[in-house]
2 protein chains.
Amino acid sequence: MPDDPWQPPRILLAVDLVILTLRAARLHVLLVNRGIDPFRGAPALPGGFLADEHEDIEAAARRELAEEAGLSGVHLEPLGVYGEPGRDPRGRVVSVAHLAIAPRLPEPVAGTDAVHASWTPVDDILAPGAELAFDHRRIIVDGVERARAKLEHTALATAFCAESFTISELQQVYEAVWGVRLDPRNFYRKVQGARGFIVAVGPMRKPSNGRPARLFKAGPVHVLTPPMTRP
Amino acid sequence: MPDDPWQPPRILLAVDLVILTLRAARLHVLLVNRGIDPFRGAPALPGGFLADEHEDIEAAARRELAEEAGLSGVHLEPLGVYGEPGRDPRGRVVSVAHLAIAPRLPEPVAGTDAVHASWTPVDDILAPGAELAFDHRRIIVDGVERARAKLEHTALATAFCAESFTISELQQVYEAVWGVRLDPRNFYRKVQGARGFIVAVGPMRKPSNGRPARLFKAGPVHVLTPPMTRP
DNA sequence: ACAATAGTGTCTGTGAGACAATATGGC
DNA sequence: GCCATATTGTCTCACAGACACTATTGT
């Protein structure tokens, strides 16, 4: 029998990043304005192709995170694969999306790339009528849902806070990410009940008004028992 | 400035399938024996490369499911990406793993491919010392964990059963997948409390001994409220 | 004193798990 | 009757959510 000349197709592999942070008590996602076609001028997630055939996928995500957002050392995890044949008009591109969680950051980070990066409230960019390149709307939806779920079972919320924080500040993280209002008294009890979640460090005073709050820092535990269930 | 001749690398995209079923009250996974190098002769997950540049990833998974296991119409969902640079000695291969859930099936399905497919107990193949091609051990671990989690929140367990079933048969599904023993009385109440999970169809008799059990069939609901929590 | 926020206590309903008790078949 | 399994009932504990109440600051 003759040799089979069939060879499997080779495709382009990209990484896209959903980088979430908290600004002014609202959940924001980092977006860049595309400078080239397709979708020139439209907002898009930071991302790009594998640098070479031997680059690790997560390493590529970290590289893009540094190049386009100037960030390093933040929590990063795989989110999913987006490989629908028609998603990129240039050809077959399969993208591995990653989720990054960053603490409060000063100003719209200027990327070392020529791209223009800016923080955008998640509510705004997901509102009907907002435009996004490719299938990035779905990727953001999935990333936000993942972040919400992780807040339930892990100590991720402390990553959104400063080194030390009050319980009401931590509550604001949960309220902003989940998009709900929580009872401060029940939240207080619940957060204290999750063993190893937070540990006290000392008292502080609030700038304007009210009783000073105790300060806490992130505890040693990463998996919450019992979990912080969503309402 | 001169044009940049850099082009992103092209890689091979594969799909791998974790196909789970229940046989003799044990969770089994479908494995094939590799007929070619690398890992010739070692057990591996069914799978293969994209047929052409325009094939949808999930469509490729369904095609391999049919070709290598003779199955169609079963529940199928994406499980994750496995793309570590060294995972395939032939070169850079990124695999998108999928999870398939199949009801009880008669005999080791003979694939239309030349591969030799057989059901293997998950406990055995994950036991220390068992050999598997590539990183398929990790993929199976992830797939089993996903199936266990889905049993908690969805009506997936009924997919492992026949058209109609008793509550104790449904309990055996949970016990086999979770690998635990459950109290029949508490299980009975809990399963009845999940609204829309199962609906009664009529009585039956048991072959050997004991009181006859009512027969049920899968209800209309796919998301369980309240969920079936693992012990 | 008053406003505002921090922190504590109490109550009620729901659900999980242990396990007693009853029902219904075959033999 | 006896045995095995199915089905129902009861009890206790833990936790979520509602909300009254006390504590501690600035003004």
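Distance B/Gln192 CD to C/dG15 C1': 16 Å, rounded to the nearest Å. At whole-Å resolution of the value, CZ in B/Phe187 and C1' in C/dA16 are 14 Å apart. If you measure from atom CZ of A/Arg189 to atom P of D/dC21, you get 17 Å, rounded to the nearest angstrom. In this structure, B/Asn209 places its CG atom 21 Å from P of C/dA23, rounding to the nearest Å. When rounded to the nearest whole Å, the span between CG of B/Asn186 and P of D/dC13 equals 16 Å. Regarding B/Met204, its CE atom lies at a distance of 16 Å from the C1' atom of D/dT7, rounded to whole Å. Rounded to an integer number of Å, the gap from B/Ile198 CD1 to D/dT7 C1' is 13 Å. Computed from coordinates, the A/Asp183 CG to C/dA6 C1' distance equals 13 Å when rounded to whole Å.
Applying the 4.0 Å criterion to OP1 and OP2 of D/dA6, one finds that B/Ser168 has a side-chain N or O inside that range. The side chain of B/Tyr188 contributes an N or O atom lying less than 4.0 Å from OP1 or OP2 of D/dT8.
Taking the ring centroids of B/Phe216 and B/Phe165, they lie at or beyond the 6.0 Å cut-off.
Sorted by residue number, the members of residues 212-231 of chain B with any non-hydrogen atom under 4.0 Å from DNA chain D read B/Pro212, B/Ala213, B/Arg214.
A 6.0 Å sphere centred on CZ of B/Arg148 holds more than 12 heavy atoms belonging to other residues, nucleotides or ligands.
A salt bridge does not link A/Arg138 with A/Asp16: none of the charged nitrogens is closer than 4.0 Å to a carboxylate oxygen. Between B/Arg146 and B/Asp142 there is no salt bridge, since no side-chain nitrogen of the basic residue lies less than 4.0 Å from a carboxylate oxygen of the acidic one. Note on A/Glu77 versus A/Lys150: salt bridge recorded, some NZ/NE/NH1/NH2 to OD/OE distance being below 4.0 Å.
A donor-acceptor contact under 3.5 Å links the side chain of A/Arg185 to the base of D/dA20. The base of D/dA23 sits within donor-acceptor range of the side chain of A/Arg211, with an N or O pair under 3.5 Å.
Mapped onto DNA chain C by nearest heavy atom, A/Thr166 and B/Lys190 fall at different nucleotides, with A/Thr166 at the one closer to the 5' end.
Between B/Phe160 and B/Leu151, the shortest heavy-atom contact is CE1-CD1, 4.5 Å.
Legend: salt bridge (charged side-chain N to carboxylate O under 4.0 Å, His left out) pairs involving residues 152-170 of chain A, not counting sequence neighbours, sorted by first then second residue: A/Glu152-A/Arg230.
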